[in-house]
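Written below as structure tokens is the structure these notes are about.
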Amino acid sequence: MAFPKKKLQGLVAATITPMTENGFKKDWHQLFLNASVTCSQIKQKTCDCMNRQDLLPVTEEINFSVIGQYVDYLVKEQGVKNIFVNGTTGEGLSLSVSERRQVAEEWVTKGKDKLDQVIIHVGALSLKESQELAQHAAEIGADGIAVIAPFFLKPWTKDILINFLKEVAAAAPALPFYYYHIPALTGVKIRAEELLDGILDKIPTFQGLKFSDTDLLDFGQCVDQNRQQQFAFLFGVDEQLLSALVMGATGAVGSTYNYLGKKTNQMLEAFEQKDFSLALNYQFCIQRFINFVVKLGFGVSQTKAIMTLVSGIPMGPPRLPLQKASREFTDSAEAKLKSLDFLSFTDLKDGNLEAGS
């Protein structure tokens, strides 16, 4: 197994999939070129081929053109060099298989020699689709794959879930495999601690998990009972990261690291230096912002709006059924960011817990 020399640790940005504002714009020119119709037919927009299923209007929904800029922003401005692609924040399960492949390819290509690790989420309701995406991730040179539990026809026992995950992992036997534990969304309540017990016997490529749950007892036991395995324990609840670090988290995957990565890295540095008071100050300040936007209604749509605001890179609207964040939300989030002085944490370095409140 050709695993990466460097263990996945530190911050991992759950990337946003940038989309265009025009969404379902019809490209009549390309449509009729494909159909080989005459100029008069193009002008009239009528021909027999108009009803053919294979000549649907061309869509321009994913804005691949900004991903290179996005990579540079994460590395240079946020100090984040690991990414988690096509997950919840990336609307992966709202994309077609073809789109997920294209998005993964673009991130791997643009991140070459800039990013440390690119992890591709390949989970799907269909085992065959997950296997296809896993194989594709290996082919394009991704650094690992992650999978959530299938959440429509659910696995209700550990063994059933393991059997599903094992089949996906086997489709990319040279890639590290990570389990994406997010029971609030999947409805699969199998404890991560239970799942990890003996998992290497079933899935030899298993390297860790993204733990997106607030159950610190379950998370702590994952760490405590697997200390000899050198797994990556990646916490996925951004506003509780400091607590998870105390429990033994080796890193974190989250959406806020797209625009609060620099701030969170400062918290990690303080924790590593055993300046726990300063680390707590950083966490509290980050919590103030997250608490504020959660009360307004915070999800993928709002994350896109905040990232656009902070980075200047257009993230575009979400895909249905999600709705675009309101202007009122964006204005309120901007005002809060300014009030917290998230351009610098100078006040926090002086130990002022009230900074930015």
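These numbers come from a predicted model, not from an experiment.
In the hydrophobic clustering of this structure, Leu195 does not group with Ile160; members are Ile, Leu, Val, Met, Phe, Trp, Tyr whose side-chain heavy atoms approach within less than 4.5 Å, directly or through other members. Met267 and Val246 fall within the same hydrophobic cluster, defined by Ile, Leu, Val, Met, Phe, Trp and Tyr side-chain heavy atoms under 4.5 Å apart, directly or through other members. No path of Ile, Leu, Val, Met, Phe, Trp and Tyr side chains, each step under 4.5 Å between heavy atoms, connects Val223 with Leu217, placing them in separate hydrophobic clusters. Cluster annotation: Val293 is connected to Val310 through the hydrophobic network of ILVMFWY side chains, with a link wherever side-chain heavy atoms come within less than 4.5 Å. Cluster membership check: Val300 does not share its hydrophobic cluster with Leu260, using side-chain heavy-atom separations under 4.5 Å among Ile, Leu, Val, Met, Phe, Trp and Tyr.
When every heavy atom of Leu340 is checked against every heavy atom of Phe289, the shortest pair comes out as CD1-CB, 3.5 Å. Counting all heavy atoms, side chain and backbone alike, Leu161 lies closest to Ala149 at CD1-CB, 3.7 Å. For the residue pair Pro150 and Pro155, the shortest heavy atom distance occurs at O-CD, 3.3 Å. Closest non-hydrogen pair, Leu8 versus Thr250, comes out as O-OG1, 4.4 Å. Nearest heavy-atom pair, Tyr178 versus Leu209, reported as atom, atom and distance to 0.1 Å: CD2-N, 4.3 Å. The two residues Ile67 and Pro18 have their closest heavy-atom pair at CG1-CG, 4.1 Å.
Just one of Ile145, Thr205, Asp143 meets the side chain to side chain contact (heavy atoms under 4.5 Å, CB included) condition when paired with Leu175; it is Ile145.
Side-chain contact between Asp159 and Lys202: absent, with no pair of heavy atoms (C-beta onward) separated by less than 4.5 Å. Between Leu11 and Asn82 there is no side-chain heavy-atom pair separated by less than 4.5 Å. The shortest distance between side-chain heavy atoms of Leu278 and Tyr282 falls below 4.5 Å. Between Leu309 and Leu337, the closest side-chain pair of non-hydrogen atoms falls below 4.5 Å. Using a 4.5 Å heavy-atom threshold, the side chains of Glu77 and Lys262 count as separate. Using a 4.5 Å heavy-atom threshold, the side chains of Asp197 and Lys158 count as touching.
A donor-acceptor pair is defined here as one N or O able to donate and one able to accept, closer than 3.5 Å; such a pair exists between the side chain of Thr308 and the backbone of Met315. Of the possible polar contacts, one joining the Ser339 side chain to the Lys336 backbone as a donor-acceptor pair under 3.5 Å is found. Using a distance-only test at 3.5 Å, with no hydrogens or angles considered, no donor-acceptor pair links the side chain of Asn86 to the main chain of His121. With hydrogens and angles disregarded, a donor-acceptor distance shorter than 3.5 Å links the side chain of Lys304 to the backbone of Pro317. A donor-acceptor pair under 3.5 Å is absent between the side-chain atoms of Asp218 and the main chain of Arg191, judged by distance alone. For Ser301 (side chain) and Gln323 (main-chain N/O), a donor-acceptor pair under 3.5 Å exists by modelled atom type. The closest donor-acceptor contact from the side chain of Gln69 to the backbone of Val66 lies at 3.5 Å or more, if one exists at all. Gln302 places a side-chain N or O within 3.5 Å of a backbone atom of Gly299 that can act as its donor or acceptor partner.
Checked for salt-bridge contact, Lys338 and Asp341 miss the test: no charged N lies under 4.0 Å from a carboxylate O. With respect to the salt-bridge test (charged N to carboxylate O, under 4.0 angstrom), the residues Lys324 and Glu21 qualify.
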Report the C-alpha distance between Arg100 and Glu132 in whole Å, list the side-chain angles of each, state the deciding distance to 0.1 Å, and finish with yes or no for salt bridge (charged side-chain N to carboxylate O under 4.0 Å, His left out). CA-CA 11 Å; Arg100 290 176 71 171; Glu132 176 187 338; over 6 Å; no

Audit row: Val237, Phe211, side chain to side chain contact (heavy atoms under 4.5 Å, CB included) steps and yes/no: CA-CA 8 Å; Val237 184; Phe211 190 96; over 6 Å; no

Derivation of the side chain to side chain contact (heavy atoms under 4.5 Å, CB included) call for Asn258 and Tyr70: CA-CA 9 Å; Asn258 284 289; Tyr70 193 162; 2.6 Å; yes

Let me see the working for Gln78 and Tyr73 under side chain to side chain donor-acceptor pair (under 3.5 Å), right down to the final yes or no. CA-CA 7 Å; Gln78 298 299 332; Tyr73 173 80; 2.8 Å; yes

Apply side chain to side chain contact (heavy atoms under 4.5 Å, CB included) to residues Val12 and Lys210 and explain how you reach the verdict. CA-CA 10 Å; Val12 183; Lys210 177 183 187 286; over 6 Å; no

Evaluate side chain to side chain contact (heavy atoms under 4.5 Å, CB included) for Thr89 paired with Thr15, printing each intermediate quantity in order. CA-CA 6 Å; Thr89 304; Thr15 57; over 6 Å; no

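Annotation: Lys154, atom NZ; neighbour count of heavy atoms from other residues, nucleotides and ligands within 6.0 Å is above 12. For NZ of Lys189, the number of neighbouring non-hydrogen atoms (other residues, nucleotides, ligands) closer than 6.0 Å is greater than 12.
Residues meeting the ring pair (Phe, Tyr, Trp, His ring centres under 6.0 Å) test with Phe233, sequence neighbours left out: none. Not counting sequence neighbours, Phe64 has no partner by the ring pair (Phe, Tyr, Trp, His ring centres under 6.0 Å) test. Residues satisfying the ring pair (Phe, Tyr, Trp, His ring centres under 6.0 Å) test with Phe151, not counting sequence neighbours, are none. For Phe84, the ring pair (Phe, Tyr, Trp, His ring centres under 6.0 Å) partners at least two apart in sequence or on another chain are Tyr180. With sequence neighbours excluded, the residues forming a side-chain contact (heavy atoms from CB on, under 4.5 Å) with Gln229 are Leu200, Asn226, Phe231, listed by chain and number.
Between the side chains of Glu328 and Ser332, no donor-acceptor pair of N or O atoms lies under 3.5 Å.
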Distance-only criterion, 3.5 Å: show the donor-acceptor pairs between side-chain atoms of residues 238-245 and protein atoms not counting sequence neighbours.
unit_1: Asp238; atom_1: OD2; unit_2: Ser255; atom_2: N; d: 3.4
unit_1: Asp238; atom_1: OD2; unit_2: Thr256; atom_2: N; d: 3.0
unit_1: Asp238; atom_1: OD2; unit_2: Thr256; atom_2: OG1; d: 2.6

